[in-house]
Amino acid sequence: MLVNLRAYHRPRTPAEAVALLREGRTALLGGGTELFGLDDDTVESVIDLAPLGLDFILAHGGEVRIGAMTTLKRLAEAPEVATLAGGILARAICQAAPATIRAAATVGGTLAGNKGGEEIPTVLLALGARVTLAAPEPIKMPFELFLSAKADHLAGALITEVTVPCTDQRAGFAFVSRTPADRAIVCAAAAGARVAVGGMGPHPVLGWSDAATQAISDHRASAEYRRWVAPALVRRALAEARGEVLA
Ligand SMILES: Cc1cc2nc3c(=O)[nH]c(=O)nc-3n(C[C@H](O)[C@H](O)[C@H](O)COP(=O)(O)OP(=O)(O)OC[C@H]3O[C@@H](n4cnc5c(N)ncnc54)[C@H](O)[C@@H]3O)c2cc1C
């Protein structure tokens, strides 16, 4: 709970939101599904991003632009996303979050927060997505750069949109989880020959060899299990991307 929450801001522009954020002891509010569950007594005000007009999905010029305040539900159900890379992004969203969370959680909050799971960032990484931040001037960066130093990039900045190239390359997504409805322990996504692996370490990475070196153990699986299962998931994702059917 945010026990010291005293103020609520509704900025009109990303620059105004960044200025408020830089005053300190503040937090950005997307869908609130993670934020309002945090046990954090340092947050004294929230900055609601709803008025910024960041709830959009625009397919134009060979790419799909996704506003940071787009809910996961809207994104998973959007026709532009259903046809994008064989629909692996929509599949990853539905695996990552149940319908109750999808209805409120936003793209920006999922990527900025620490509880959004590995499926969505892994697929975005494989698809060659880019992230746009307001800092307050717009900064657009490859997804791998964003993930490699997320906390640094988000210090005094907010995510405004994610851009995904429209590719006619086939794609694939594979995961392993404790139960079919549970979140992935390890997952792999492939777009053509580009492979991303998630669930091995602090964030998804491109390529299998980097993933293998960072394998962690936690309450869901040991590092040994992760290293054992990940190559099979990579093979499955690549096979799907090649249009092969695995037994
Ligand atoms: C009971 C419970 C169950 C959950 N179950 C799941 C689950 O099954 N699957 C799942 O994926 N997640 C789950 N979560 C985690 C959480 O709901 C997700 O990570 C969610 O996607 C966060 O999105 P949001 O828009 O609600 O973010 P918020 O809660 O609004 O924000 C999350 C963090 O991101 C920051 N933030 C928000 N928007 C931006 C932005 N545009 N730019 C920069 N920073 C921003 C906030 O300041 C905050 O630090 C669960 C959480 C709870 C409390």
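Atoms within each ligand, like the ligands themselves, are counted from 1 in listed order. Residue numbers run from 1 in the order of the sequence given.
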Next item on the list: Using a 4.0 Å heavy-atom threshold (strictly under), name the region of R183 that reaches ligand 1: side chain, backbone, both or neither.
Entry: side chain
Check: Closest non-hydrogen protein atom to atom 9 (N) of ligand 1, residue and atom name please, with distance?
Finding: A96 O, 2.8 Å
Checklist line | Ion pair check, E240 and R236, cut-off under 4.0 Å | finding: no
Next item on the list: Salt-bridge test for R226 and D218: reply yes if a basic N is under 4.0 Å from a carboxylate O, no otherwise.
Entry: yes
Next item on the list: Identify which of T26, L35, L28 has a heavy atom lying nearest to atom 29 (O) of ligand 1.
Entry: L35
Check: Within the structure, does L72 bring an N/O atom to less than 3.5 angstrom of an N/O atom in ligand 1?
Finding: no
Item checked: Atoms in ligand 1 with a heavy atom of L49 nearer than 4.0 Å -> 38 (N), 39 (C), 40 (C), 41 (N)
Check: Is any side-chain heavy atom of R74 closer than 4.5 Å to a side-chain heavy atom of I57?
Finding: yes
Note to self: What I want to find out is whether D182 reaches R220 closely enough, with some N-O distance under 4.0 Å, to be called a salt bridge.
What the structure shows: no
Next item on the list: May I ask you to list the residues sharing a hydrophobic cluster with L5, side-chain cutoff 4.5 Å, ordered by chain and number?
Entry: L2, Y8, L29, L35, F36, L38, V43, V46
Next item on the list: If you have a sec, work out which protein heavy atom is nearest atom 24 (P) of ligand 1 and how many Å separate them, to one decimal?
Entry: G31 N, 3.5 Å
Notebook entry, point to check: Closest non-hydrogen protein atom to atom 52 (C) of ligand 1, residue and atom name please, with distance?
Noted result: T33 O, 3.8 Å
Check: What do you reckon, does G30 have a nitrogen or oxygen under 3.5 Å from a nitrogen or oxygen of ligand 1?
Finding: yes
Notebook entry, point to check: By the rule that ILVMFWY residues connect when side-chain heavy atoms come within less than 4.5 angstrom, directly or transitively, which residues belong alongside L49?
Noted result: V18, L20, L21, L28, I47, L52, L54, F56, L58, M69, L158
Item checked: Within reach of ligand 1, part of I159 (heavy-atom separation under 4.0 Å) -> both
Next item on the list: Provide the number and element of each atom of ligand 1 under 4.0 Å from a heavy atom of E34.
Entry: 16 (C), 17 (O), 19 (O), 26 (O), 29 (O), 32 (C)
Check: Salt bridge check: are R65 and E161 linked by an N-O gap of less than 4.0 Å?
Finding: yes
Item checked: Flag if over 12 foreign heavy atoms under 6.0 Å of NZ, K73 -> no
Notebook entry, point to check: So is G32 polar-close to ligand 1, meaning N/O to N/O under 3.5 Å?
Noted result: yes
Margin query: For the 3.5 Å polar cut-off, considering only N or O atoms, please tell me whether A104 and ligand 1 meet it.
Written below: no
